[in-house]
K.L.:
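One structure coming up, written as structure tokens, with questions to follow.
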Amino acid sequence: MKRYNPSDIEPKWQSFWADQKTFVADNNSPRQKFYISAMFPYPSGAGMHTGHAFEHAIVDAIARFQRAHGKNVLNPMGWDTFGLPAENYAIKTGTAPAEVTKVNIANFKNQLNRLGASIDWSREINTTDPEYYRWTQWIFARFFERGLAYQKESLQWWCPVDKTVLANEQVESGKCWRCGTEVVKKSMNQWFFKITDYADALLDEIPDLDWPAKIKTAQTNWIGKSVGAEIEFTVDGVDAVITVFSTRPDTLFGATFLVLAPEHPLAKQLAANKFKQNVEEYIADAVKKSEIERMSDNKEKTGVFTGSYAINPANGEKMQVWIADYVLSGYGTGAIMAVPAHDERDFAFAEKYHLPVVEVIDKPDDEPGVYRGEGVLMNSGVFDGRSSSDIREEIAAWLEEEKIGRPKVTFKMRDWLISRQRYWGAPIPIIHCQTHGAVAVPDDQLPVVLPEIADYAPKGDGKSVLAGISGWVNTTCPTCGEPAKRETDTMDGYACSSWYLLRYTDPNNSNQAWDPVITNAWSPVDYYVGGDHAVAHLLYVRFWTHVFNDMGLTEFKEPVKKLVYHGYINAEDGSKMSKSKGNTIDPLEVIDQGYGADALRTYLLFMGPIELDAPWDSRGIAGIYRFLNRVWVLNQEYLEAEKSFTTNDDAVRRLQHKTIRKVTEDHHRLSFNTAISALMEYVNELYKFKVDGFSDDVWCDALGTLARLLAPFAPHMTAEIWQQLGNSSSIEEAGWPQWDSALIVSDTLTIIVQVNGKLRAKLTVAADTTADDVKQQAIDEPNVVKFLENKEPAKVIYIPGRLVSIVV
RNA sequence: GGGCGAGUGGCGGAAUCGGUAGACGCGCUAGACUCAAAAUCUGGUUCACAUUAGUGAGUGGGGGUUCAAGUCCCCCCUUGCCCACCA
């Protein structure tokens, strides 16, 4: 008998798939398209980790399942290769980032092939390839033309170690997402994408996305839409107006003081002479404080009185104007009207500095603390007695009429800071001319190729190292031909990953970023599989696709129909795997230990629901190997058996069709762990039937079905078995087995009998037994009689085919 | 502080529409094979009492709805993740 030895089988089929181009997707197929993609990886030097293996086990199970259903499957692969690790490695070793990247890609690609991933390698893309970033730059130029890319001097997050600015999304709890260093604020002239123009459009589509609720909620909160009003307050005796934003204009009569952020442009100007020193000290102190410090003492609010007063336009009252760092400069107008009676933060501040509190909404008696809810207005002049929620728009309209305010919608989301002062990124295709300002590099001069250099280390002067290469920087203005200088910042890597899903559909097009006909046909992505990013990438890719749609470059607005989100594989003790802790599992080592890729893939999907985190269990994979070995042995025994007698054919057939149904349904809901357990039960049962003997055609069908159902998880072994069973075409062409409901129906049923909700007996009855007969049989069961205690049942409920519930 | 999840054997988990709780696997355990071990195969495995059938308890805790609740409702506890002074 041939032993199950994955190291014999797996290379054979991997070569077969490559030679046959089995997984090359056809743009012109008449079959229904199915586009699936993993989030493309950054190919680090460490190679693939268990998370990648898990992700590709998921993608591949879905891709092979859909292929078996006759779909024209597109499962492409590419590399997100710009970024800090390659550049930092280059700084350390002097090796060109492009060289390191090349080696890492080759390694990663080999590893994916050893997993048996059904990838169309003819569409491989690489974001650092000039033929790719040429089009990233082309898109930048289009954004620039439309005013969606612009330059602005402003305070930005700066990482002192990586010596670059960071986007808001790349700052986690006041620290750099890459190196963990505390970031600082620095005023710099930077490039932005105007994602805020699309805030409403992006928000509107969220309910219709087939994405996990937590991601949809995260994006909704990140966009952070607030509907309210801007209100202008004149300052008493000073020629200045303070504009605030409030979601509760209905509480205007309760506004008793104003608070400005320390960075507010009027902050210093409003300081009256005898308060000037206090104010300036406070502002200097607040600006100096890092974000971490500001957050850590957020329990105790601090502030300083300016000495100025503003007038409440609703009631003419004088209000003190304060400066405090609990007001954020980047949100709304950087100034608020404080309503201490109905806002906890304002209340805490008012209490500390003995500022007046005026209640304007009648609060329910049983409500403790500061009342933030809706209610009936009081102390509000003509609005007394009205409901706060009804009056909100009316007050905003009144403000507009009086020219002291207007209805206003504000978003938490800021524009996307795109420029980086680093070498290893796509150069921003802009030329700065004395006369014409920023001018886009003409399309026929793209790509602006990243020059090769010797020293990659940033100088910390706020510019990328490209600024030091005069031969590259100095050029001529495309508009007037006079000497001009190139932009020396590069684009954040998130730019490159914001359109790669479109490029996959037409990856080798050298005339345009994509051919709309081809791209519209494949898009949107049907399943996008990943376990990382909630906002950043998943918001940017939506933003770009919306813009492309507005530009007429695509017919679709949303790039991803269904987002499949998976959990993490943890170390055996349940902690996170990390290189520094030395508790990582190398998936390639697992394959090489003799378990093979099929066992690895099947195990990763058997561990639990894909969305949950689960700890790696080295004994668990041994159990899966045992299962695959049982499948193998069963087939070998069949192939070598005397095929002479037959029993239990109906039972085998019923089992087979039941299993097809179960596994198919589980696939549709991505419940791979239960699909695999159903296949285990199938195999366990087949072993029991095997004792009774073989009937050639019934068993050939049963085992061929097993191979096809198992193929999305263990493609190599099942390809081999399929061939051994005498099929002339490969299992990838075999299609998905169908079930026949008529064959699943059994002629006997097991009925549960409950007395007062407790299980007391089980009945086996013929499927055509009438309801009354089943009820009577249930009542006559000895163990039921015992619990009836000679009484008549008060109620007998029969759920057909399932149970009888007797109430005494 | 806010938002969203999750709590089921020794472990990972199953129960898809309110209908046999613990499928499947790991581990443990008894046996077969073996000189022995590994591998493999067969059986057992929620807990307690009885062990032949059975009885009682049981899905974080407490209440409720129902013939019937892991599943629905209310309160509480624990825990994970995300956002965190967004006016």
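The analysis underlying the following values was restricted to heavy atoms, covering all of them including side chains, and did not include hydrogens, waters or symmetry mates. The sequence lines fix the lettering, A, B, ..., with proteins before strands; numbering per chain opens at 1.
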K.L.:
Please report, rounded to the nearest Å, how far the P atom of C85(B) is from the CD atom of E351(A).
P.N.:
21 Å
K.L.:
Relative to the 5' end of RNA chain B, which residue comes earlier, T750(A) or R619(A), by the nucleotide with the nearest heavy atom?
P.N.:
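Of the two residues, T750(A) wins.
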K.L.:
Ignoring backbone atoms, test whether T217(A) places a side-chain nitrogen or oxygen under 4.0 Å from the OP1 or OP2 oxygen of C83(B).
P.N.:
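No.
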K.L.:
Using whole Å, report how far CZ of R3(A) lies from C1' of U40(B).
P.N.:
13 Å
K.L.:
Is it the case that U16(B) (base atoms only) and K662(A) (side chain only) share a donor and an acceptor within less than 3.5 Å, ignoring hydrogens and angles?
P.N.:
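Flag set: donor-acceptor pair detected.
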K.L.:
Taking only N and O in the side chain of K762(A), is any of them less than 4.0 Å away from OP1 or OP2 of U20(B)?
P.N.:
no
K.L.:
For G12(B) versus G60(B), give the span between their P atoms, rounded off to a whole number of Å.
P.N.:
14 Å
K.L.:
List in chain and number order the residues that pass ring-ring contact (aromatic ring centres under 6.0 Å, His included) with Y565(A), two or more places apart in sequence or in another chain; answer none if no residue qualifies.
P.N.:
none
K.L.:
Distance between the P atoms of A87(B) and C82(B), in whole angstroms?
P.N.:
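A87(B) and C82(B) have their P atoms separated by 22 Å.
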K.L.:
Are K301(A) and F349(A) in a cation-pi setup, meaning NZ or CZ lies under 6.0 angstrom from the ring centre and within 45 degrees of the ring axis?
P.N.:
no
K.L.:
Can you identify which nucleotide, out of U20(B), A15(B), U42(B), has its nearest atom closest to the R669(A) side chain?
P.N.:
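Nearest to the side chain of R669(A) among the choices is A15(B).
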K.L.:
Taking 4.0 Å as the cut-off, does a side-chain nitrogen or oxygen of N673(A) come that near to OP1 or OP2 on A23(B)?
P.N.:
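So the side chain of N673(A) is outside the cut-off, no N or O lying under 4.0 Å from OP1 or OP2 of A23(B).
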K.L.:
Please give, in whole Å, the distance from C67(B) P to L759(A) CG?
P.N.:
20 Å
K.L.:
Is there a donor-acceptor contact under 3.5 Å from the side chain of T306(A) to the main chain of V321(A)?
P.N.:
yes
K.L.:
Would you say that more than 12 heavy atoms from the other residues, nucleotides or ligands in this model lie under 6.0 Å from the CZ of R372(A), or not?
P.N.:
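Check fails, neighbour count at 12 or below.
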K.L.:
When you measure from the side chain of H566(A) to the backbone of I58(A), do you find a donor-acceptor pair of N or O atoms at a distance under 3.5 Å?
P.N.:
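No: the side chain of H566(A) does not pair with the backbone of I58(A).
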K.L.:
Rounding to an integer number of angstrom, what distance separates A68(B) and G54(B) when you compare their C1' atoms?
P.N.:
23 Å
K.L.:
Please tell me which of the listed nucleotides, G19(B), A14(B), U16(B), lies nearest to the side chain of P609(A)?
P.N.:
A14(B)
K.L.:
For the residue pair Y353(A) and W322(A), does the interplanar ring angle fall in the parallel (under 30°), tilted (30 to 60°) or perpendicular (over 60°) class?
P.N.:
tilted
K.L.:
What is the distance, rounded to the nearest whole Å, between atom CG of D325(A) and atom P of A87(B)?
P.N.:
18 Å
K.L.:
OP1 or OP2 of U55(B) versus the side-chain N and O atoms of N783(A): is any pair under 4.0 Å?
P.N.:
yes
K.L.:
Which whole-number value in Å describes the distance from W222(A) CH2 to G2(B) P?
P.N.:
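Atom CH2 in W222(A) sits about 21 Å away from atom P in G2(B).
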K.L.:
Does a side-chain N or O from Y331(A) land closer than 4.0 Å to OP1 or OP2 of A87(B), or not?
P.N.:
yes
K.L.:
Considering only atom C1', compute the distance from A39(B) to A32(B) and round it to an integer number of Å.
P.N.:
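It comes out at 14 Å once rounded to the nearest Å.
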K.L.:
Return the orientation label for the F245(A) and Y331(A) ring planes: parallel under 30°, perpendicular over 60°, tilted otherwise.
P.N.:
perpendicular
K.L.:
Looking only at the side chain of L612(A) (C-beta and beyond, no hydrogens), which of the listed nucleotides C67(B), G13(B), C24(B) gets closest?
P.N.:
G13(B)
K.L.:
Between C24(B), C26(B), G19(B), which one does the side chain of D617(A) approach most closely?
P.N.:
C26(B)
K.L.:
Without swapping roles, check the side chain of T333(A) against the backbone of T243(A) for a donor-acceptor pair under 3.5 Å.
P.N.:
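Such a contact is found between T333(A) side chain and T243(A) backbone.
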K.L.:
Roughly how far apart, to the nearest Å, are G18(B) and C73(B) at atom P?
P.N.:
11 Å
K.L.:
For the C1' atoms, the ones on C24(B) and on U78(B), what distance do you get once it is rounded to whole angstrom?
P.N.:
29 Å
K.L.:
If the cut-off is 4.0 Å, is R372(A) near the phosphate of G2(B), judged by side-chain N/O to OP1 or OP2?
P.N.:
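No, outside the criterion.
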K.L.:
Does a side-chain N or O from K758(A) land closer than 4.0 Å to OP1 or OP2 of A57(B), or not?
P.N.:
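For K758(A), the contact criterion (side-chain N or O under 4.0 Å from OP1 or OP2 of A57(B)) is met.
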K.L.:
In whole Å, what separates the P atom of C77(B) from that of C11(B)?
P.N.:
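Between the two P atoms, the distance is 25 Å.
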K.L.:
Under 3.5 Å, is there an N or O donor on one side and an acceptor on the other linking the side chain of K214(A) and the base of C81(B)?
P.N.:
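Donor-acceptor pair under 3.5 Å: no.
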K.L.:
Between N629(A) (CG) and C41(B) (C1'), how many Å, whole number?
P.N.:
12 Å
K.L.:
For E572(A) and C26(B), give me the distance from atom CD to atom C1', rounded to whole Å.
P.N.:
11 Å
K.L.:
Quick one: R802(A) CZ to G18(B) P, roughly how many Å, whole number?
P.N.:
11 Å
K.L.:
RNA chain B: stems of at least 3 consecutive Watson-Crick or G-U pairs, cut-off 3.5 Å?
P.N.:
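As far as RNA chain B goes, consecutive pairing (with distances under 3.5 Å) yields the stems B:1-7 with B:77-83, B:10-12 with B:24-26, B:27-32 with B:40-45, B:46-49 with B:54-57, B:60-64 with B:72-76.
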K.L.:
Would you say a side-chain N or O of R626(A) is under 4.0 Å from OP1 or OP2 of G27(B)?
P.N.:
yes
K.L.:
Considering only the P atoms, how many Å lie between A57(B) and G62(B), rounded to the nearest integer?
P.N.:
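Taking atom P in both A57(B) and G62(B), they lie 14 Å apart.
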K.L.:
Pick the closest RNA chain B nucleotide for N221(A) and for Y625(A) by heavy atoms, then say which residue is nearer the 5' end.
P.N.:
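First, find each residue's nearest nucleotide; the 5'-ward one identifies N221(A).
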